[in-house]
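Chain A is the first sequence line, chain B the second, and so forth, proteins listed ahead of strands; every chain is numbered from 1.
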There are 2 protein chains.
Amino acid sequence: MAREAGVSRGTVSRVLNGGHNVSPTALAAVNAAIRRTGYVVNRHARSLITGRSDSVGFLLTEPQERFFEDPNFSVLLRGCTQALAAHDIPLLLMIAGNEAERRRITRYITGGHVDGVLLVSSHSGNPMAERLAKAQIPVVACGEPLGLGGQIAYVGADERGGARAMVRHLAAGGRRRIATITGPLDTPGGVQRLAGYREELAAAGLPADEALIAESDYSRAGGEAAMTALLRRAPDLDAVFVASDLMAQGALVALEHAGRSVPHDVAVGGFDDSPAALATRPPLTTIRQPFDRISTEMVRLLLARIAGDDPSAVILPTELVRRESS
Amino acid sequence: MAREAGVSRGTVSRVLNGGHNVSPTALAAVNAAIRRTGYVVNRHARSLITGRSDSVGFLLTEPQERFFEDPNFSVLLRGCTQALAAHDIPLLLMIAGNEAERRRITRYITGGHVDGVLLVSSHSGNPMAERLAKAQIPVVACGEPLGLGGQIAYVGADERGGARAMVRHLAAGGRRRIATITGPLDTPGGVQRLAGYREELAAAGLPADEALIAESDYSRAGGEAAMTALLRRAPDLDAVFVASDLMAQGALVALEHAGRSVPHDVAVGGFDDSPAALATRPPLTTIRQPFDRISTEMVRLLLARIAGDDPSAVILPTELVRRESS
DNA sequence: CTGAAAGCGCTTACAG
DNA sequence: CTGAAAGCGCTTACAG
């Protein structure tokens with residue numbers, strides 16, 4: 001290659017790395033030679049020197065069923081792959097469903113095989129975020145990692161605001177006994193969406209009633225079970241804000257079994273605007289999470305972290321999407 | 001490391017690469033030192049020598065909506081990640097939704113960044129398989145790549161047999177006007193499942209009727225549209241075999257709009273046994289594709305290809321799963 | 001602005 | 001079975 005362009009290997013390398021301190025003549029010669037020969041740098045040789053891998057990990061720490069079932073993960077994964085591809089950075093997919101895998105993957109990551117990791121998991125109790133932060137690995141989480149304030153960069157949606165918007169919408173439709181099915185209360189989404197529900201109920205002058213609140217697990221089956229429990233505890237409910245579309249799918253099944261028509265008897269609101277929201281009968285009114293922008297921002301923050309920036313947080317707005325379920 | 005174990009770097013390397021030609025004493029010393037220091041080989045240095053990257057690509061060549069919508073991809077992706085993790089091989093996710101991306105990724109792959117690729121795409125008309133094969137990249141496809149017979153290893157399910165089993169099941173339920181919604185007829189799944197439908201209809205002594213056949217695109221919306229068209233063309237149909245669960249989800253919507261009850265008026269059978277099959281009302285009777293085994297086999301074949309084996313094909317059995325839609 | 005040289009951390013013949 | 005040595009293809013001070 002150097003011979004092909006009639007310059008030294010050092011000059012070729014300088015061209016490849018930004019073209020600083022290179023004369024226009026040399027630059028042109030090298031670029032021409034690159035074009036002519038289809039030369040591609042050997043990433044391994046480069047990484048051996050620089051100590052960087054020029055790749056990042058997408059780490060999913062969820063039990064395997066969740067990944068199968070919840071379309072949100074695919075959406076996020078695809079968005080991040082795209083955003084990284086624009087920088088010509090490959091994404092390594094890592095799935096840590098249990099402690100053995102978490103150990104193996106931690107070893108792998110701290111071994112320097114990736115420059116940073118995009119961490120996706122609904123549960124914030126999981127130990128990966130902390131371990132990686134301790135090992136000085138640049139990490140950007142999806143959603144605020146509870147209890148690790150400030151140590152880890154993250155991108156989140158305005159969960160609380162979204163929840164309030166949904167409850168406001170249900171109340172505006174004349175509903176007075178508005179129930180909620182929450183996500184796990186050890187997850188930021190679970191906590192924030194419930195907080196928004198409570199706030200808006202108060203703002204609307206509706207009484208708080210713990211019988212109208214059921215905690216669930218973001219799964220379809222969990223949503224169905226929670227809805228069944230709510231109907232037993234509070235048969236007079238006339239609306240329900242379900243903290244994920246997938247759980248809402250389950251809730252609709254329970255409502256159908258109970259002979260309640262949607263939205264006539266019970267108005268239903270979901271959260272996410274995932275593909276699941278279009279798969280239900282009736283289609284779900286829901287809160288749209290801007291997954292495209294979330295992925296883009298996660299990648300931007302991670303690249304900045306890798307370049308040495310301090311951790312920062314980005315909160316993106318959510319939006320009410322009206323369909324037929326309420 | 002060599003010093004730590006009191007042997008030469010050559011000996012350490014030999015231990016790391018299988019421990020051949022190493023005395024038990026040296027082996028023990030090296031292993032102890034590894035344990036003690038938490039030593040991890042530098043993959044880049046190793047790759048620089050061996051010319052291999054010790055990683056493989058998972059290449060998805062689908063327009064982006066499909067990946068969002070179709071749970072089969074996630075299932076496959078997860079299975080392959082797991083299977084590779086067992087060999088400590090990272091998976092690079094690559095998504096080529098358009099020609100520009102295909103070009104970039106082809107360059108990337110032929111640049112030696114991965115040792116082989118797992119190719120997933122329903123359409124066989126796409127040019128990646130051929131390009132990669134030409135560039136001598138080990139490839140294993142999911143489903144038989146049409147028109148590339150023998151050049152490319154692949155793993156598939158017994159699509160035709162599955163289709164036959166479903167039609168047999170519908171006929172056994174007393175249905176006589178059995179329609180079908182096919183996948184795209186430039187995909188192996190589209191072709192094979194339709195062939196199975198035709199064969200079994202003939203075997204059951206039921207007349208063939210082209211009005212009962214509608215081609216679609218594996219999407220939910222496509223399934224809905226196709227079902228609507230079928231109901232118009234053949235209002236007397238009493239069953240429909242839909243070539244994917246996602247399309248069946250759409251078909252159920254169309255049937256509901258048309259006021260046909262399932263399974264009473266129309267029996268519905270899907271294909272895949274994807275998570276979508278459990279999300280419908282009623283749950284779908286479907287043909288189970290053994291995605292777990294498919295991923296495992298794809299990985300096995302790819303590793304064998306990389307090791308120098310000739311391309312081979314594996315066909316896995318499918319199975320009827322009875323639920324409530326027929 | 002540019003070239004010669006050192007060195008990144010491994011693997012692999014080659015002697016012994 | 002083992003060590004010394006060469007070399008993989010880059011990048012990066014260092015002189016000039």
Base, sugar-phosphate or nothing for Asn21(B)? Non-hydrogen atoms, less than 4.0 Å.
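If one applies the 4.0 Å heavy-atom cut-off, Asn21(B) turns out to touch a base.
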
Round to a whole Å and report the spacing from [atom1] of [X] to [atom2] of [N].
| X | N | atom1 | atom2 | value |
| --- | --- | --- | --- | --- |
| Asp54(B) | dG9(C) | CG | C1' | 15 Å |
| Arg3(A) | dA4(C) | CZ | P | 13 Å |
| His44(A) | dG7(C) | NE2 | P | 24 Å |
| Arg9(A) | dT11(D) | CZ | P | 10 Å |

Using the side-chain heavy atoms of [X], tell me which of these nucleotides is nearest: [options].
| X | options | value |
| --- | --- | --- |
| Arg46(B) | dT11(C), dT11(D), dT12(D) | dT11(C) |
| Leu16(A) | dC1(D), dT11(D), dC10(C) | dT11(D) |
| Ala45(A) | dT2(C), dG9(D), dT11(D) | dG9(D) |
| Arg14(A) | dG7(D), dG3(C), dT11(D) | dG3(C) |
| Leu48(B) | dC10(C), dC8(D), dT2(D) | dC8(D) |
| Asn42(A) | dG3(C), dC10(D), dC10(C) | dC10(D) |

Donor-acceptor pair, Ser55(B) side chain versus Pro90(B) backbone, under 3.5 Å?
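It does not hold such a pair.
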
I'd like to know if the side chain of Asp115(A) and the backbone of Val56(A) have a donor-acceptor N/O pair within less than 3.5 Å.
no

5′-ward residue of the pair Thr11(B)/Ile49(B) relative to DNA chain D
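Comparing both residues, the 5'-ward one is Thr11(B).
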
OP1 or OP2 of dT2(D) under 4.0 Å from side-chain N/O of Ser23(B)
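So the side-chain polar atoms of Ser23(B) do come within 4.0 Å of the phosphate oxygens OP1 or OP2 of dT2(D), strictly under.
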
Taking only the side-chain nitrogens and oxygens of Tyr39(A), find out if one of them lies under 4.0 Å from OP1 or OP2 of dG9(D).
no

Would the base of dG9(C) count as contacting Arg43(B) through its side chain, where contact means a donor and an acceptor less than 3.5 Å apart?
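No pair found.
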
